[in-house]
Amino acid sequence: MANGITSTAMVEAAGRAGMIGFFGAGGLSIDQIETAIDTLQANLGARPYGFNLIHSPNDMALEQKTVDLYIAKKVRLVSASAYLDLTTPLVEYRLHGIHRDANGRIICPNRIIAKVSREEVARKFFSPPAHKYLQRLIQEGKINAEQAELARQIPVAQDLTAEADSGGHTDNRPALCLFPTMKALRDEMAAQFNADIPLRVGLAGGIATPESAAAAFAMGAAWILTGSINQSCVEADTSTLVKKMLTEARQADITMAPAADMFEMGVKVQVLKRGTMFSMRGAKLYDLYRTYEDFADIPESQRKLVENSFLKCTFEEEWANTRAFFMRRDPVQVERAEKDPKHKMALVFRSYLGRASLWAKTGAADRAIDYQIWCGPAMGAFNEWVKGSHLEPPENRNTVDIAMNLLYGAALIMRLNHLRNQGVPIPAMPGLLAPAKKDQIRHFFLEV
Ligand SMILES: Cc1cc2nc3c(=O)[nH]c(=O)nc-3n(C[C@H](O)[C@H](O)[C@H](O)COP(=O)(O)O)c2cc1C
């Protein structure tokens, strides 16, 4: 979860329990990511952990710098997300250090778990890197010809998380439709590689209860990944108010709203609707952006609404802040905006949308109505499941406790299904899947 919401504390807790957490590197500076790497490497040693590598179509330099950092710091596992196509930095990460071992096997020290919701993108990840990337990396002196030859025999990612309807950026695809397609693709693509390079598919999106976890495993998921429910956990680096709002969410309390990063393209993200007006305000801004070429063309009543209620300053004052931000980050945008009023309007509106996430994360009291909280229907399903249990209050929501409960409940369901399929009558057992305390779970797994 971006902006470090999946914090070092959350990744560390997961790693100590033998699970993998991916630090939320998206939206952070290189220095902040570096600090997180140092912390996790010092605290976790050889235990599992990973980092998010998020595609930045508007800032390829940032993507390259992130890859340079991961390579320099020997971060061996990334969750690659938001890719619509592969990029040279992504392929560079995968191929860095590729070699044959003494037995002739191809060794890739860096592993990618691709997070994907589209088959055509999954196909690229499950294929060897295209010739153009290899050529470019050879030219840049980042790999040699022998390494390029080895690269032609391996997939860019051996592991892929199929991401169904989720919090944040999502195609809203139902898991029940998406997973079988991705699994079939895996079977098709696996045939081109040696048996010692198996391809695997996990599932994310909507997983929040023992039943949904069991369904994922029943379909053949090699692992499950959760996001929304973890945002309400004690280890999540977000405000207490956001966690409280999340614990009150029901399944219908979510909606789609314009995305700050791909605003002009009309891309949307799934957010919490209850308790915040962000989705409505975001939609209003997108509507104005679509209709008018210049902020000055917008009727006065609408302009006043945006300035007084959304920006809480004049458009020109907000532009001064936005301009200063882009002068540091990407001055080309300023040059363009000063010639093109529609682009200027987009940058100012995007600035509001982007800051709405930070207001939520920091718990800015005077901005609660503007909070942008990425969240999927999983949150409501989770809240219904844990109602009345020790996991209901946010202060008890420990990441590992929740993950173990999902696995424990899924294991129970699968066992009961096996028995039922063998003709054993299974009586109704109300409360069987209620969240268990840590010791009960430990006992169950030891017995198994
Ligand atoms: C608050 C929040 C922030 C997220 N940020 C990112 C991100 O930066 N990169 C990413 O790959 N996925 C991000 N996701 C998606 C999650 O990693 C995960 O794939 C998704 O939440 C799983 O679906 P679920 O929300 O139904 O559990 C985010 C999700 C949430 C709820």
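When reading the values below, keep in mind they use all heavy atoms of this one structure, side chains included, and skip hydrogens, waters and symmetry mates. When a ligand or atom number is given, it counts from 1 through the structure's own listing order.
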Practice problem: Could you pull out, from S166, G167, A360, the option with a heavy atom nearest to atom 22 (C) of ligand 1? | Solution: S166
Quiz item: Heavy atoms only: which of G206, G4, G376, C375 is nearest to atom 26 (O) of ligand 1?
Solution: G206
Self-check item: N or O pair under 3.5 Å between W374 and ligand 1
Solution: no
Quiz item: Quick one: CG on L90 to NE2 on H55, what's the gap to the nearest 0.5 Å?
Solution: 9.5 Å
Self-check item: Atom pair CD/OH of E92 and Y70 - distance to nearest 0.5 Å
Solution: 14.0 Å
For [atom], which protein heavy atom lies nearest, and how many Å away is it?
| atom | result |
| --- | --- |
| atom 21 (O) of ligand 1 | G227 CA, 3.2 Å |
| atom 15 (C) of ligand 1 | E163 OE2, 3.6 Å |
| atom 11 (O) of ligand 1 | S81 OG, 2.6 Å |
| atom 5 (N) of ligand 1 | A2 N, 2.9 Å |
| atom 10 (C) of ligand 1 | K115 NZ, 3.3 Å |
| atom 9 (N) of ligand 1 | N52 OD1, 2.9 Å |

Practice problem: Could you check if a side-chain atom of Y352 sits within less than 4.5 angstrom of a side-chain atom of D370, using non-hydrogen atoms only? | Solution: yes
Check: [Y] main-chain N/O paired with [X] side-chain donor or acceptor under 3.5 Å:
| X | Y | answer |
| --- | --- | --- |
| D237 | S7 | no |
| K387 | E392 | no |
| S239 | T362 | no |

Contacting atoms of ligand 1, where contact means under 4.0 angstrom from a heavy atom of [X]:
| X | value |
| --- | --- |
| T226 | 27 (O) |
| G205 | 22 (C), 23 (O), 26 (O) |
| A378 | 26 (O) |
| L225 | 18 (C), 19 (O) |

Applying a heavy-atom cut-off of 4.0 Å, say which part of [X] lies close to ligand 1: side chain, backbone, both or neither.
| X | result |
| --- | --- |
| I54 | side chain |
| M1 | both |
| S228 | both |

Practice problem: I would like to know whether F325 and R328 meet side chain to side chain contact (heavy atoms under 4.5 Å, CB included); could you show each step before the answer? | Solution: CA-CA 6 Å; F325 170 84; R328 288 191 303 274; 3.9 Å; yes
Quiz item: Do any heavy atoms of G24 fall under 4.0 Å from ligand 1?
Solution: no
Self-check item: side chain to side chain contact (heavy atoms under 4.5 Å, CB included) between I112 and V156, worked out
Solution: CA-CA 7 Å; I112 293 173; V156 173; 4.1 Å; yes
Self-check item: Ring centres under 6.0 angstrom apart (F51, F23)
Solution: yes
Quiz item: Among R118, E63, K115, K124, which residue meets the side-chain hydrogen bond (donor to acceptor under 3.5 Å, both in side chains) test with Y83?
Solution: E63
Quiz item: Is E188 paired with R123 through a side-chain N to carboxylate O contact shorter than 4.0 Å?
Solution: yes
